[in-house]
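For reference, the structure is listed below as structure tokens.
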Amino acid sequence: MCAGAQLIASSRTIARAVAEAGLPINVPDVLQTANWDHLIWGFGRWDSANRKKSFETTPVIIATSNGPELQELEFSLTPGWAREYPLKASTHNARCNRLRRDRSVKKAPTVGNEIPVFEYVYNYPAYRTAWQQGQFCLVPLTAGIESSYSGAFDQQRFTFSLPDGGLMFLLGLWDEWID
């Protein structure tokens, strides 16, 4: 997923877009007239008055026993096994692979002396169960916001969108966390 996203859409716009792509969805009564016009940050927002982190909700399409359904979930995964909410680790960006880090020696382990070891999204503890259980979702966005972590553009954010500003759908993972 992205570091952040923008969504300007109604539930009807989302339902129409996925129906045109051949995936009709159920829209619960509570979301029939919903409209979203906001920026969503995967790393959450810090509320200094309450000394808590909060995450925006955003619509996603998940598979249910009644077929694909539009639901509103929080943007940033808190795995079902987490003991507290929100999870201290950053879970808004499930990358296909990332360099495995040996935190005790602060360097990446290698096979032999040269080949770095990667960990994949389906092995990483925060995402493993949701991946194994097929808890994938489609996340509608009008723009994605991604950060650069190195080079000339280090610490800068980039926005990407369709030329016409229309909806695009990214693949996400979801899990249910119960306090």
Side-chain angles (χ1 to χ4, degrees), residues 1-47 53-80 82 85-87 90-98 120-122 124 126-148 153 156-179:
M1 198 52 216
C2 307
Q6 179 182 37
L7 178 64
I8 302 171
S10 67
S11 58
R12 290 187 178 128
T13 305
I14 294 168
R16 187 177 330 111
V18 293
E20 288 173 2
L23 181 71
I25 60 171
N26 299 316
V27 180
D29 290 342
V30 70
L31 294 178
Q32 286 288 329
T33 59
N35 287 294
W36 295 272
D37 184 354
H38 60 194
L39 285 173
I40 309 153
W41 293 109
F43 41 80
R45 295 187 190 273
W46 179 253
D47 179 355
K53 189 182 253 193
S54 65
F55 295 92
E56 290 89 359
T57 59
T58 194
V60 298
I61 300 166
I62 67 169
T64 70
S65 57
N66 295 327
E69 182 174 289
L70 188 69
Q71 293 191 5
E72 197 169 36
L73 303 178
E74 289 185 352
F75 189 93
S76 197
L77 183 77
T78 298
Y85 172 84
L87 188 66
S90 173
T91 57
H92 66 276
N93 209 346
R95 296 173 186 208
C96 288
N97 63 359
R98 69 174 90 204
Y120 297 90
V121 67
Y122 51 82
Y124 199 70
Y127 312 114
R128 183 174 42 226
T129 302
W131 186 282
Q132 289 170 347
Q133 294 177 358
Q135 292 174 201
F136 302 106
C137 61
L138 290 174
V139 184
L141 307 174
T142 46
I145 303 166
E146 199 49 80
S147 300
S148 176
F153 298 105
Q156 293 185 30
R157 293 191 178 127
F158 297 89
T159 301
F160 59 93
S161 62
L162 296 176
D164 66 357
L167 282 175
M168 57 185 163
F169 294 84
L170 300 181
L171 181 64
L173 288 169
W174 66 272
D175 204 351
E176 184 174 11
W177 184 80
I178 299 172
D179 189 351

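Keep in mind that what you see is a predicted model, and the values were worked out from it rather than measured.
Closest approach of E146 and F160 over heavy atoms only: CB-CE2, 4.4 Å. Minimum heavy-atom separation, L73 to V60: CD1-CG2, 3.4 Å. What you find for P28 and N26 is that their closest heavy atoms are CD-O, 3.9 Å. Taking all atoms of both residues into account, the shortest heavy-atom contact from Q6 to L39 is CB-CD2, 3.8 Å.
A distance of 11.5 Å separates CG in L167 from OG in S161, rounded to the nearest 0.5 Å. Rounded to the nearest 0.5 angstrom, I25 CD1 and I61 CD1 are separated by 4.0 Å. Note that the CG atom of L173 and the CD atom of Q133 stand 11.0 Å from one another [nearest 0.5 Å]. Atom CD in E72 sits 5.5 Å away from atom CH2 in W36 (nearest 0.5 Å). Here the OG1 atom belonging to T58 is positioned 3.5 Å from the CD1 atom belonging to I40, to the nearest 0.5 angstrom. Separating the SG atom in C137 from the CG atom in D175 is a distance of 11.0 Å, to the nearest 0.5 Å.
In terms of modelled atom types and a separation under 3.5 Å, the side chain of S11 and the main chain of Q32 share a donor-acceptor contact. Between the T64 side chain and the E69 main chain, no donor and acceptor come within less than 3.5 Å of each other.
Contact annotation: the side chain of L70 never approaches that of V18 to less than 4.5 Å [non-hydrogen atoms, C-beta and beyond]. Counting heavy atoms from C-beta on, the side chains of F158 and I145 never come closer than 4.5 Å. Considering only heavy atoms from C-beta on, P59 comes within 4.5 Å of P140 through its side chain.
Checking W174 against Q71 by side-chain atom types alone, no donor-acceptor pair falls below 3.5 Å.
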